[in-house]
Undergrad: 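This is the structure I want to talk about, given as structure tokens.
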Amino acid sequence: MKPLTRLNGSAWTKIPFAFVIESIAHIQPRYYSISSSSLSEKQTVHVTAVVENENYPNVDHNVTGVVTNLLLNIAVKQNKTDLALVQHYDLDGPRNKFSHFKLPVHIRRSTFKLPSNPATPIIMIGPGTGIAPFRGFIREKVQQKANGIEKLVGRFI
Ligand SMILES: Cc1cc2nc3c(=O)[nH]c(=O)nc-3n(C[C@H](O)[C@H](O)[C@H](O)COP(=O)(O)OP(=O)(O)OC[C@H]3O[C@@H](n4cnc5c(N)ncnc54)[C@H](O)[C@@H]3O)c2cc1C
């Protein structure tokens with residue numbers, strides 16, 4: 001096997017810990033459809049996610065999704081719910097170093113929009129997108145009704 005070399009060509013006799021850490025690939029972002037409506041949730045954004053937890057033949061442990069299980073851990077901690085966790089994350093980190101850590105989230109402007117006239121009927125078909133964006137649309141329609149434009153809101157079928 002070819003020895004690992006420094007940039008100047010000399011061989012490393014020991015692998016520096018920093019090299020090992022820097023060699024680990026950054027975690028990739030995960031994308032989620034916004035499942036809330038800015039009309040009803042003015043300060044928050046909801047996501048609706050399936051927590052990945054698969055049982056494969058010939059694999060002796062459940063294969064879990066990294067981010068959906070992290071989100072579930074955060075939800076359980078923040079909302080103090082007793083949902084069962086399959087994957088436990090130490091959210092506070094060693095010596096509580098991450099206790100004030102905030103999850104990095106970037107929001108992209110959506111091109112997926114309701115018709116501007118609330119009376120226009122819509123048919124919602126999920127071509128593999130899941131239910132998330134439609135939950136947002138339904139919340140928008142419910143809020144439009146609550147705001148008193150009931151007669152203008154298209155029928156729910
Ligand atoms: C535009 C867009 C919108 C999206 N919107 C939503 C949304 O609204 N809601 C939603 O739930 N998802 C949505 N997704 C999917 C989402 O981005 C994630 O891919 C999904 O939540 C899984 O992320 P994870 O980190 O939990 O799983 P990962 O850790 O990325 O794992 C992905 C899958 O691979 C399996 N896996 C991991 N390791 C192995 C292995 N060694 N062998 C076999 N299988 C393995 C896991 O069990 C899991 O099922 C969207 C994706 C896109 C591109």
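Atoms within each ligand, like the ligands themselves, are counted from 1 in listed order. What's counted below: heavy atoms across the whole structure, side chains too, no hydrogens, waters or symmetry copies. For reference, positions follow the sequence shown, starting with 1. Bear in mind that the values here come from a model prediction, so they are computed numbers and not experimental data.
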Undergrad: Report yes or no: do Arg135 and His46 form a side-chain donor-acceptor pair below 3.5 Å?
TA: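 A donor-acceptor contact under 3.5 Å links the two side chains.
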Undergrad: Show the nearest heavy-atom pair for residues Thr68 and Tyr32, with the distance to one decimal.
TA: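 Distance-wise, the nearest heavy atoms are CG2-OH, 3.4 Å.
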Undergrad: If the cut-off is 4.0 Å to any non-hydrogen atom of Gly65, which atoms of ligand 1 fall inside it?
TA: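 Numbered from 1, ligand 1 contributes 24 (P), 26 (O), 27 (O), 28 (P), 29 (O).
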Undergrad: For Val66, is at least one N or O under 3.5 Å away from an N or O on ligand 1?
TA: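 Between Val66 and ligand 1, an N or O pair is found under 3.5 Å apart.
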Undergrad: Which pair of heavy atoms, one from Asn69 and one from Glu52, lies closest together, and at what distance?
TA: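 Looking at all heavy atoms of both residues, the closest pair is ND2-O, 3.0 Å.
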Undergrad: Using a 4.0 Å heavy-atom cut-off, say whether Ala132 meets ligand 1 through its side chain, its backbone, both or neither.
TA: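 Under 4.0 Å from ligand 1, Ala132 contributes side-chain atoms alone.
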Undergrad: Could you tell me whether Thr48 and ligand 1 have an N or O pair separated by under 3.5 Å?
TA: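 There is such a contact, yes.
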Undergrad: With respect to Val63, determine whether any N or O atom, backbone or side chain, lies less than 3.5 Å from an N or O atom of ligand 1.
TA: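 Such a contact does occur with ligand 1.
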Undergrad: Heavy atoms of the protein only: does one fall short of 4.0 Å from atom 50 (C) of ligand 1?
TA: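 It does: a protein heavy atom is found less than 4.0 Å away from atom 50 (C) of ligand 1.
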Undergrad: Protein heavy atoms near atom 39 (C) of ligand 1, is at least one of them under 4.0 angstrom away?
TA: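 True for atom 39 (C) of ligand 1.
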Undergrad: In the complex you have, is atom 25 (O) of ligand 1 within reach of the protein, judged by whether a heavy-atom distance drops under 4.0 Å?
TA: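 Yes.
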Undergrad: Are the side chains of Asn147 and Leu39 in contact, using a 4.5 Å heavy-atom criterion?
TA: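 Answer yes - side chains close enough.
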Undergrad: If we only count N/O pairs under 3.5 Å, is Glu52 in contact with ligand 1?
TA: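 Right, the criterion is met.
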Undergrad: Test your reading of the structure: does Glu54 have an N or O sitting under 3.5 Å from an N or O of ligand 1?
TA: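 No.
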Undergrad: Looking at Ser37, is its backbone amide N or carbonyl O close enough to the side chain of Lys42 to form a donor-acceptor pair, meaning the two atoms are under 3.5 Å apart?
TA: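 Answer holds: no.
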Undergrad: Identify, by atom number and element, the atoms of ligand 1 in contact range of Tyr56, meaning under 4.0 Å from any of its heavy atoms.
TA: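 Numbered from 1, ligand 1 contributes 43 (C), 44 (N).
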Undergrad: Check step by step if side chain to side chain donor-acceptor pair (under 3.5 Å) holds for Ser10 and Asn8.
TA: CA-CA 6 Å; Ser10 62; Asn8 66 13; 2.8 Å; yes
Undergrad: Check each atom of ligand 1 against the heavy atoms of Ala49 and keep those under 4.0 Å away; list them by number with element.
TA: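 In order of number, 9 (N), 10 (C), 11 (O).
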Undergrad: For salt bridge (Lys or Arg N to Asp or Glu O under 4.0 Å), just list the numbers for Asp92 and Lys77, CA-CA rounded to whole Å, side-chain angles, deciding distance to a tenth of an Å, and then say yes or no.
TA: CA-CA 11 Å; Asp92 292 332; Lys77 186 174 177 196; 2.9 Å; yes
Undergrad: With rounding to the nearest 0.5 angstrom, report the CD1 to CD1 distance, Ile131 to Ile138.
TA: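 The distance works out to 6.5 Å.
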